[in-house]
Amino acid sequence: MFPLSEIILTSRPEYFAYLSKKTGFLLPDSGRDQQLQWFWIHLVHLVQEKNKIESLTPEESAAFDELLIHFGSMPAVRAEYAALEQKLACVFKHPGGGYFIPLEIFKLLMQRYDLSARYYLFTLLFSLAHREQRSLVSMISSSLEGQAVVSFESHPLDMALVLYIWFANHHLSGNLTYPERGVMLHSPYAFVRETASIPVHEREPGYFPETPVSMWEHLRRYFPHRERDAQEWKNLMVAGGKGFYRGLSLISNTRSELFQAFRNGYFIPVMKKQLADKRSVEEIQIVTPREIYIQNEKNKKIKLEKLSKKADT
């Protein structure tokens with residue numbers, strides 16, 4: 001993930017020539033930091049007017065989806081990405097090779113209905129009420145790594161971008177993995193695994209929902225051993241008037257895989273902006289962000305292939 005503003009301030013003149021040609025905005029060799037504000041205003045209008053995602057061919061759409069699944073950055077140099085870079089104002093060549101979507105552009109992509117319908121992480125984070133965004137930040141900030149990089153922002157778009165950067169960086173680095181169900185030992189990171197082959201969250205079909213499903217039904221089906229936690233959570237929202245993430249942070253057992261799954265972004269709520277009554281709480285749905293869903297499917301396929309080869313030998 002790369003911010004274009006940082007690249008502009010650190011790149012060689014050849015890259016400025018490329019940016020000027022692509023965007024039609026002349027970036028001078030000196031005083032670039034003073035021109036960044038006008039450059040972004042120009043680029044925002046350019047993306048809004050010429051970013052015709054709906055005009056992509058099926059092959060180009062698949063490449064764009066792949067780029068978004070990889071959190072907006074692909075080091076590979078392929079014909080499909082070159083076509084995207086030529087066709088879309090939001091896709092750029094990276095000075096170090098490959099293609100990327102600047103972080104700043106994600107604030108525009110968050111607001112597109114056609115992308116929100118595919119449940120990408122950045123659209124789901126933006127769809128949360130600002131109150132819920134801030135409560136999620138508070139959950140993340142309870143950890144040392146969260147305190148270092150996550151901050152509160154006054155605008156929902158900025159807050160969604162901060163959350164997206166945090167989740168993306170940690171999923172890409174492997175710091176956020178799904179907590180496997182097990183018996184807790186002496187550390188919040190120590191588990192006795194349920195299975196030595198494929199864990200339940202990769203083995204059970206539908207465990208990670210690709211499209212929104214009823215949260216309470218999903219928890220009853222896949223987390224029956226956490227029924228007490230789920231009921232406590234619901235009571236905090238209904239009787240206690242707490243929000244989604246605030247209620248979750250107040251349950252007694254914050255060391256379970258249920259709590260960690262929501263904290264780590266494996267499930268994101270799809271719900272009304274205000275949980276005003278019992279009915280709105282009952283109607284909460286959850287979905288697994290597309291980026292995480294696809295990655296889990298890939299991991300599942302790899303493990304199945306390895307187990308199949310092992311069985312053959």
Worksheet item: Does CD in Glu6 sit with more than 12 non-hydrogen atoms of other residues, nucleotides or ligands closer than 6.0 Å?
Response: no
Worksheet item: Between the main-chain N or O of Ile8 and the side-chain N or O of Ser11, is there a donor-acceptor pair closer than 3.5 Å?
Response: no
Worksheet item: So, does Glu104 use its side chain to make a donor-acceptor pair with the main chain of Ser5 at under 3.5 Å?
Response: yes
Discussion item. Counting the benzene-type ring for Trp, do Tyr293 and Phe208 have ring centres under 6.0 Å apart?
Written reply: no
Practice prompt. Compute the ring centroids of Trp233 and Phe262, then answer whether they are less than 6.0 Å apart.
Written response: yes
Practice prompt. Look at the side chain of Glu291 and the backbone N and O of His70, then say whether any donor-acceptor pair between them is shorter than 3.5 Å.
Written response: no
Worksheet entry | Phe2 and His94 aromatic centres sub-6.0 Å | yes
Fill in: Point-to-point distance, once rounded to the nearest 0.5 Å, from CG of Leu68 to CG of Leu115
6.5 Å
Worksheet item: Is the His42 to Trp38 ring centre distance short of 6.0 Å?
Response: no
Discussion item. I want to check a possible cation-pi pair here: Lys22 against Phe92, using under 6.0 Å from ring centre and within 45° of the ring axis as the test.
Written reply: yes
Discussion item. Between Arg220 and Glu227, does any NZ, NE, NH1 or NH2 come within less than 4.0 Å of an OD or OE carboxylate oxygen?
Written reply: no
Practice prompt. Would you check if Phe167 and Ile140 make a side-chain contact, meaning some heavy-atom pair closer than 4.5 Å?
Written response: yes
Worksheet item: For Ser138, does its backbone N or O pair with a side-chain atom of Ser141 as donor and acceptor, under 3.5 Å?
Response: no
Worksheet item: If we ignore angles and hydrogens, is there a donor and acceptor under 3.5 Å between the side chains of Ser280 and Gln274?
Response: no
Discussion item. Are Phe25 and His45 an aromatic pair, judged by ring center distance below 6.0 Å?
Written reply: no
Worksheet item: Say you draw a straight line from OG of Ser55 to NZ of Lys87; how long is it, rounded to the nearest 0.5 Å?
Response: 4.5 Å
Worksheet item: Thinking salt bridges, do Arg112 and Glu54 make one under a 4.0 Å N-O criterion?
Response: yes
Worksheet item: Given the side-chain rings of Tyr120 and Tyr164, with only the six-membered ring counted for Trp, is the space between their centroids under 6.0 Å?
Response: no
Item to complete: Give the ring-plane orientation class for Tyr222 versus His218, where under 30° counts as parallel, over 60° as perpendicular and anything between as tilted.
Response: tilted
Worksheet item: How far apart are the C-alpha atoms of Leu161 and Trp166, what are their side-chain angles, what is the distance that settles it, and do they pass the side-chain contact (heavy atoms from CB on, under 4.5 Å) test?
Response: CA-CA 9 Å; Leu161 184 61; Trp166 189 87; over 6 Å; no
Practice prompt. For the pair His201 and Tyr178, name the ring-plane relationship: parallel under 30°, tilted 30 to 60°, perpendicular over 60°.
Written response: tilted
Discussion item. Other residues, nucleotides and ligands only: do more than 12 of their heavy atoms fall within 6.0 Å of CZ on Arg228?
Written reply: no
Worksheet item: If you take all heavy atoms of Tyr266 and Pro289, which pair is closest and at what distance?
Response: O-CD, 3.8 Å
Item to complete: Return yes when atom NZ of Lys278 has more than 12 non-hydrogen atoms of other residues, nucleotides or ligands closer than 6.0 Å, and no otherwise.
Response: no
Practice prompt. Answer yes when Asp277 and Arg279 have at least one side-chain N-carboxylate O distance shorter than 4.0 Å, and no when they do not.
Written response: no
